[in-house]
Structure formats: structure tokens, C-alpha cells
Protein chains: 2
Amino acid sequence: MSTIKDVAKEAGVSVATVSRFLNKSGYVSENSAKNVLDAIKKLDYQPNSVARALFHKTSKMIGLIVPDITNPFFPELARAVEDVSMIYGYKVLLGNSDGDPEKEQNYLDLFDQKYVDGIIMTSRSSKTDLTLNTDTPIVVLDRANISGLPTVTSNNYEGARQAVELLIEKGAMHIAHIRGPREITSANDRYQGFIDEMLKNNMDYVIAESAFNLKSAEEAAHHFFDKHKQIDAIFCSNDTIAVGFLKVALKKGIQIPADLQIIGFDGVAFGEMVYPELTTVAQPIYDMGAMASRLLIKLIEKEEPEQLLYELKNSIIERGTTRK
Amino acid sequence: MSTIKDVAKEAGVSVATVSRFLNKSGYVSENSAKNVLDAIKKLDYQPNSVARALFHKTSKMIGLIVPDITNPFFPELARAVEDVSMIYGYKVLLGNSDGDPEKEQNYLDLFDQKYVDGIIMTSRSSKTDLTLNTDTPIVVLDRANISGLPTVTSNNYEGARQAVELLIEKGAMHIAHIRGPREITSANDRYQGFIDEMLKNNMDYVIAESAFNLKSAEEAAHHFFDKHKQIDAIFCSNDTIAVGFLKVALKKGIQIPADLQIIGFDGVAFGEMVYPELTTVAQPIYDMGAMASRLLIKLIEKEEPEQLLYELKNSIIERGTTRK
DNA sequence: CTCACATGTGTAACCGATTACATGTCAATA
DNA sequence: TATTGACATGTAATCGGTTACACATGTGAG
């Protein structure tokens, strides 16, 4: 690897001139410019971004913290973040936190040491759990409960409401909701949206609970179907739960969607892999990631963003687990 | 953010002493050590890793290039890489290449500029497509065709063979293989394993082809089922294709596994989400990622690794798309 | 009583960039 | 002719660490 000194020597100028050439700052004569350019090509020189980072206290990197990249919601988010960051010249440092505030703090510290320019995190921690370095802008994604920080979410409440509307419109009489964990804001919002819309329609409902993973969902489903024979529609707090219920229902020989309609939440890719395909309230996952990146980059570049809270709209995708 | 100078001043010693203390190198008196430690705590000092990186030409980061983190195979790999890297104190810089050699090259260059200590890449490019910086160790994952580089794969040929064995054992008489793209080594190996085992058993076979995505698989499946009525078992080149065929078969009212058995390859999470659950040749995805990290870290730390090619074993997971 | 060596510490060079500042040339202007 | 400002370039300080080296001091061996 050649350095700016090598280039300077090769071009017969000082390092300052090379630097000015590279950054198009200050004056460089045409002649020098040519020599420097030739030298750069000859030596295959690439400026060292660590040295730059040290001087500028800036790394052109953004840190991304997700609970678990293995959870199908996050790869798409991560992809979006990377895609738009890339456009603006930022690279992505990835961290999995498992939702553990300690791991989150580790990454936060680490990111600061590396002079990342900004951080995007999906977290259920509250502001008080974390020591935030106030010079580094942070955008919070999906779970909107680190109060005061710029946030990108979707309207979970409204999405849940619409899910219920759809089920009713499709003739459902006895609707159940499988809610997600109580620590997760979005699960609570979806729950509330469900409740409110049911009450508005004067309908009775059944609530069950499951974690956001397949195993937990299947267990819940087994219990559920043993107990509640009359239910003809289920709104699940996310697609994983929905798929778990779908599987168990199929196994029990329940006709989907004739006897039982199911609607999930998230709009994650595997909703299309199951049969019947899963009807769901789709979050604009990619857009949320892209939005978060753009917001963060505005913050980094000290532009005034229009808003600090972006709540994107969900849209219902009707597929095979609800009636035509 | 406080610097080593602040700490030195606070502790009443020179920066060299602080540095020696931090790195446990050279001599530091007990008294100085105590003062330094107090100062560090008081100032909440964290050494700046950019400055360190500049001096050491080392960043404690490893670069990970995957084609597309959105492809369900890679999150688990990425997770494994991050988990073991973390243990050894390395962080992960992520890049999606979309299999494009130009993007791969971009990340490679970028990683060098950032002084990453090593690189893990999943790539179908050949060594000649890429300009590799020879000081930075690289481990290639999954697709073993950048010849000469240390590699971690699974035995695709053998896995395919076993898949055929299983189908025959389960009474399949007319077996088809849906092969993956010809540019992908692992798809070719699986194809070859299929062919060889079929010939060995003196059986006729049908070959069809599909890209590794759901849409392409479903299209292929529609064509396939229209044309080949007598087929009673299908070995698919990966789980995505298998799920696509499963869906279309179910839609056509084909009984699975009674009339048609299906086996996939990869062992990706959504194989358990469909019903019937997908029988598959499971790659030890997490282990492969972990192995690649450990191998890379050995290379980084100039330890002599035992081997340069690790070929892990696949294992068949019998689930619902093959007979009991 | 020296000498050798372990212990302890500070000064300054260095990693590879950026940039403030000084210096110098040259043409246009007063 | 003296002054000014645009153009051009180099020197050296700086970012925040690490470490070679020089220079103490103290202790035990010969």
C-alpha cells in the first residue's frame, strides 16, 4: 500500500499539494495536478481512510444494531440501510444485540470509538438504560420507545384496526387475537388496535399470547385450538405467529380460509412461501430502513430534517388465508 | 470524549505510562497504575480505536461480503460470523454484493482502506476477476471456486447423493431433480451427485432448472407438473425451489408425501414453516460461518491452520414431505 | 565498591492523512 | 513604481494513540 508521501515523491510535489488535489481544496496548478494523477495511477494509490478518520473524527460509517439478523424482519431492513447508506458514501457496521441492553451498550461504545458518524438501532431499551454519546446522531427503528430520539415506525395501531375491519368484512363472526410479548411496544399497539376496533363493532373476542417465534406459536396454537372451537378468524401479532397457527390448523384438518381465516402482520418474505399464502398487514420494511438511513444522514450532515418521527403506513396484502 | 493526554494529565504521568498501563506492556509502578486507573474512571476514558488502527495498521474488524443478506441462507451465516468474531474481539463490516464482481471489488478496496484484518466472502467470482490485496487474509465461504484461497464449504455432492438414496429408500420410482443456476458451483455439485447416484441405481431421471428464488421456482413448477405426470419424487437444489414446488403441488391437489415426495437442500428456517414441513439436506450453516471465522482469525493471527479447505458434512432432516 | 540488571518514567518520532500559515510569483491596478 | 490579490506550493502542527530510546534509581552479585 502506498501512502500520500510516496505519491508526493513520485509526483515531485509536497504532500500538501497531493492532499489538495485529492480533496479539490485550495490551488493546484494544472501541471502539478497531472503529475499527481499520474503518480496516483502508477502507484495504485488509495487514500487511507483510517488516517482521514483520525483527523476528521469522522469515519463515513454508520452503525446498525438489530436484535437478531436471523429474525426475518431484519435482513430486509439491514439491506435497505446499507443500500441507501452506500449511495451517500457510508458503510455499515453491524451488530446483533439480542435485545440485551448490555450488548447494545457495548456496540454503542464501540461505535463511538470507531468514530461512526451515526447509529441506527432497533431496540426495546428505554433511554435511561443506555448512555448515549450526544455528538453521535441516533435514529431508532420500529420500536418507538426511546423517547425523544428521532424515530421511524409504522402505524401498528392502525394496521391492527384494518386487519380487524378486513376480517369482519370477510364475514368473520368470532375473532381471536394472538398478541405478542408485552415488552414490545409494537405488539401492544397492535393489541390496542385490535381491541378498539372490536369494541367499536360490539364484538366479543378471545386473546391468546405467544412469543415471536415459531415454536412458541405452535404451542400456543395447540392450546388454542383445543379450547376455542368456535373461532372463525385469527389476527396474529406477526407473521411468524400466523404461520405457526396456520401450520397447526392445517395439521388439524381445519379448512383455510373456509373454516378459519388468518391474518398476520409484517409482510415478511415467507408469507408467500406457505400454502395457502398468508394474508398480512405488510409493513413497508425496506422503506422504513431507507427512511431511517436518509433521516440519519440528514442528521449527520446537520441538515434540518422535516420531522423527527416518521410513521409509515402499513398496507393489507390479501392472499390465501382470508376469503375472496 | 477524553484522550490519553487528558488521562495522563489527570494522573500526573506521561502518556507513555498510560499507554503502557493500557496495554500491560513495559513497567508501570503500582502507584502510577492506581492513579491512571482512577483517572480513566473519572474521565470515563475509552482508547480511540481509530488512532490505534492507524499505528498498528490493524482495526480489529473483519469484512463480510455476502450476495444478499435478504436471502435466507445468509443471515444465519452472518450471525455465526459475528458471534465468533466478537469472542475474539473483532467487529463485522457488512457488504452486499448481489454477486456482482464490481461491487465485490468495491468492498474489497474499502475494507483495505479501513485496515480490516481479514475478509470472509461468499462469491461466485473467480480469482482472476478480483484484485486481491495479499496482506489481508481472505476466507471463501460456501461456493468454493476462488481457487487457492482458504475455503469453508459443505459436501454438496455427497448431500445430493444421500438425498437420492433417501428417496429411493422411501419407495420413489420416478425421480426428478430441479437444478440451480449453472454459474453456481454448489448447484453443479448437487446436480452431479444426483446424476451419479441415479446412474448407480440404474434409474431414469428428469432434470429441470430454476433460479434460487420463489417466483422462478413456481414458474418452473407449473411447467414441470404439466409435463411430467409420472414423477413421484423431486430433489430440489435448494429449499426455496423446494418450497415453490411444494406450493404448486399443493395447489394442484397433489398429495404430499403420498403421491409426491419432495426434498430440498440448505436447511433454512422456513422449511419448518410450511406444511407439510420440508424434508431437506441441511447444511450446518451456523457452523460453516463459525468455522470460517475461526479459520480467518487463525490466519490473521499467523497461527498455522490445520487445513485450508474445510468441507463440513450435511445431514438429512426427515420431515413431512417424505414418507415415514 | 563496582557493575549488571531489573524497574520505572518521560521525550519524541511515527502511523497517514489534513490544513493553517508562511512564502513566493505574477499580473492588474492605483 | 508601489500595492494588491489571485494563484501555487511547501513546512509543520495536528488528530490520538504506540513505542524506541534515553535516562533515571535501586538492588544484589562479585
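All of these numbers come straight from a predicted model, not from anything done at the bench. Worth knowing before you read on, the calculation uses all heavy atoms, side chains too, and leaves out hydrogens, waters and symmetry mates. The sequence lines fix the lettering, A, B, ..., with proteins before strands; numbering per chain opens at 1.
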Peer 1: Tell me whether the count of non-hydrogen atoms from other residues, nucleotides or ligands lying under 6.0 Å of CD in Gln307(A) goes above 12.
Peer 2: yes

Peer 1: If you look at every strand shown and take non-hydrogen atoms under 4.0 Å, does Phe21(B) touch a base, only sugar-phosphate, or nothing?
Peer 2: nothing

Peer 1: Expressed in angstrom and rounded to an integer, what is the separation of Leu54(A) atom CG from dT18(C) atom P?
Peer 2: 12 Å

Peer 1: Do Arg20(A) and Val36(A) make a side-chain contact, defined as non-hydrogen atoms from C-beta onward lying under 4.5 Å apart?
Peer 2: no

Peer 1: Using the side-chain heavy atoms of Phe55(B), tell me which of these nucleotides is nearest: dA12(C), dA17(C), dC14(C).
Peer 2: dC14(C)

Peer 1: Have a look at Val18(A) and say if it touches a base, only the backbone sugar-phosphate, or nothing, with a 4.0 Å heavy-atom cut-off.
Peer 2: nothing

Peer 1: In whole Å, I'd like the distance from the NE2 atom of His56(B) to the C1' atom of dG16(C).
Peer 2: 15 Å

Peer 1: What's the NZ-P distance between Lys5(B) and dG16(D), to the nearest Å?
Peer 2: 7 Å

Peer 1: Quickly work out the Asn31(B) CG to dT25(D) P distance and round it to whole Å.
Peer 2: 17 Å

Peer 1: I need the single residue from Leu295(A), Ile62(A), Ile119(A), Thr151(A) that forms a side-chain contact (heavy atoms from CB on, under 4.5 Å) with Val139(A). Which is it?
Peer 2: Leu295(A)

Peer 1: So if I take every side-chain heavy atom of Ile4(B) and compare against dT18(C), dG16(C), dT18(D), which nucleotide ends up nearest?
Peer 2: dT18(D)

Peer 1: Could you state the CD-C1' distance from Glu30(A) to dT9(D), rounded to the nearest angstrom?
Peer 2: 16 Å

Peer 1: Closest to the Ala16(B) side chain: dT11(C), dG16(D), dT9(D)?
Peer 2: dT11(C)

Peer 1: Once you apply a heavy-atom cut-off of 4.0 Å, does Val13(B) come out as touching a base, just sugar-phosphate, or nothing?
Peer 2: sugar-phosphate

Peer 1: In this structure, how many angstroms lie between the C1' atom of dG16(C) and the CG atom of Leu43(A), rounded?
Peer 2: 15 Å

Peer 1: I need the CD1-P distance between Ile40(A) and dA17(C), as an integer number of Å.
Peer 2: 10 Å

Peer 1: Report the distance from atom CG of Asn23(A) to atom P of dA17(C), rounded to the nearest whole Å.
Peer 2: 11 Å

Peer 1: Which nucleotide wins on minimum distance to the side chain of Arg20(B), given the candidates dG10(C), dA17(C), dG16(D)?
Peer 2: dG10(C)

Peer 1: State which of dA6(D), dG16(D), dT19(C) makes the closest approach to the side chain of Tyr27(A).
Peer 2: dA6(D)

Peer 1: Is the phosphate of dG10(D) approached by Thr17(A) (side-chain N or O, under 4.0 Å from OP1 or OP2)?
Peer 2: yes

Peer 1: Identify whether any heavy atom of Ser32(B) sits under 4.0 Å from a base atom; if not, whether one sits that close to sugar-phosphate; answer base, sugar-phosphate or nothing.
Peer 2: sugar-phosphate

Peer 1: Considering every strand and a 4.0 Å limit on heavy-atom distances, what is the contact class for Ser19(A): base, sugar-phosphate, or nothing?
Peer 2: base

Peer 1: Mapping Ala51(A) and Ser29(B) onto DNA chain C by nearest heavy atom, which one lands closer to the 5' end?
Peer 2: Ser29(B)

Peer 1: Kindly check if the number of other-residue, nucleotide or ligand heavy atoms within 6.0 Å of OH (Tyr88(B)) is above 12?
Peer 2: no

Peer 1: Compare the minimum distances between each of dG16(D), dT18(C), dT18(D) and the side chain of Lys57(A), then state the nucleotide with the smallest one.
Peer 2: dG16(D)

Peer 1: Look at the side-chain N and O atoms of Ser14(B) and state whether any lies under 4.0 Å from the OP1 or OP2 oxygen of dG10(C).
Peer 2: yes

Peer 1: Reckon Val28(A) touches a base, only the sugar-phosphate, or nothing at all at heavy-atom distances under 4.0 Å?
Peer 2: sugar-phosphate

Peer 1: May I ask you to evaluate whether Asn48(A) reaches the phosphate of dC15(C), defined as a side-chain N or O under 4.0 Å from OP1 or OP2?
Peer 2: no

Peer 1: Would you indicate which nucleotide in dT18(C), dT18(D), dG16(D) comes nearest to any side-chain atom of Arg52(B)?
Peer 2: dT18(D)

Peer 1: Using the side-chain contact (heavy atoms from CB on, under 4.5 Å) rule, pick out the option among Ile138(B), Val81(B), Leu77(B) that qualifies with Ile120(B).
Peer 2: Val81(B)

Peer 1: Would you indicate whether the side-chain heavy atoms of Ser154(B) and Met288(B) approach each other to under 4.5 Å?
Peer 2: yes

